Amino acid sequence: MENKNKDRGFNYWAMSYSGKLRRTLWMFPFGVLAIALIAWTSGSVFITVILAVFLTIIWALQVTYTYFMAQREKHDGDNQ
């Protein structure tokens with residue numbers, strides 16, 4: 001049976017997928033702040049939009065992947 005302590009911790013790579021999903025969702029406000037900082041410091045709207053789209057796509061892919069892996073992990077844990 002999986003140790004519940006793997007849901008929390010400092011080392012991202014040692015965490016379970018449900019813990020990784022929770023941490024990824026918590027990173028959303030920091031991503032918004034990063035995009036706002038880029039918009040504030042960059043002189044170009046084009047660069048801001050490109051970076052915002054890039055960061056949003058990467059974040060969405062990571063959330064999707066960790067969600068499906070957390071569901072698989074939960075399902076596999078129920079079968080044991």
Side-chain angles (χ1 to χ4, degrees):
M1 180 162 277
E2 185 174 324
N3 186 357
K4 282 293 189 185
N5 291 334
K6 288 188 177 182
D7 279 354
R8 300 183 191 276
F10 185 73
N11 185 357
Y12 180 82
W13 305 111
M15 295 172 72
S16 66
Y17 279 104
S18 60
K20 288 179 181 181
L21 177 61
R22 194 174 307 114
R23 183 174 291 179
T24 301
L25 292 173
W26 270 100
M27 291 306 293
F28 179 75
F30 296 106
V32 172
L33 287 174
I35 292 169
L37 182 64
I38 291 167
W40 186 51
T41 59
S42 174
S44 172
V45 174
F46 178 73
I47 290 173
T48 302
V49 170
I50 294 296
L51 287 174
V53 168
F54 177 73
L55 289 174
T56 303
I57 289 171
I58 295 297
W59 181 80
L61 289 172
Q62 184 175 4
V63 167
T64 303
Y65 176 76
T66 54
Y67 173 77
F68 284 117
M69 292 303 288
Q71 292 299 314
R72 178 188 288 178
E73 188 176 69
K74 180 181 174 185
H75 178 66
D76 290 345
D78 291 342
N79 288 339
Q80 290 181 353

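Not measured: the values here are computed from a predicted model.
- Between Y65 and Y17 there is a side-chain heavy-atom pair separated by less than 4.5 Å.
- The backbone N or O of A39 lies less than 3.5 Å from no partner atom in the side chain of S42, so there is not a single donor-acceptor pair.
- Between the CD1 atom of I57 and the CD atom of Q62 there is a distance of 14.0 Å, given to the nearest 0.5 Å.
- Atom OG1 in T64 sits 13.5 Å away from atom CE in M69 (nearest 0.5 Å).
- For the atom pair R22 CZ and M15 CE, the distance stands at 7.0 Å (nearest 0.5 Å).
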Evaluate the criterion side chain to side chain contact (heavy atoms under 4.5 Å, CB included) for residue pair T56 and I35; output intermediate values, then yes/no.
-> CA-CA 9 Å; T56 303; I35 292 169; 4.3 Å; yes

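- Under the 4.5 Å side-chain heavy-atom criterion for Ile, Leu, Val, Met, Phe, Trp and Tyr, V32 and L25 are members of the same hydrophobic cluster.
- Within a 6.0 Å sphere centred on CZ of F30, heavy atoms belonging to other residues, nucleotides or ligands number 12 at most.
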Show the numbers, then the answer: is there a side chain to side chain contact (heavy atoms under 4.5 Å, CB included) between K74 and S18?
-> CA-CA 8 Å; K74 180 181 174 185; S18 60; over 6 Å; no

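- Every ring pair (Phe, Tyr, Trp, His ring centres under 6.0 Å) that F28 has, sequence neighbours left out, goes to W59.
- One hydrophobic cluster, built from ILVMFWY side chains closer than 4.5 Å, holds both L21 and F68.
- Rounded to the nearest 0.5 angstrom, Y12 OH and K20 NZ are separated by 5.5 Å.
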Solution key, residues 44-52 side-chain donor-acceptor pairs under 3.5 Å, sequence neighbours excluded:
{"from": "S44", "atom 1": "OG", "to": "F46", "atom 2": "N", "distance (Å)": "3.3"}
{"from": "S44", "atom 1": "OG", "to": "I47", "atom 2": "N", "distance (Å)": "3.3"}
{"from": "T48", "atom 1": "OG1", "to": "S44", "atom 2": "O", "distance (Å)": "3.0"}

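- To the nearest 0.5 Å, the span separating CG on L33 from CE on M27 amounts to 10.0 Å.
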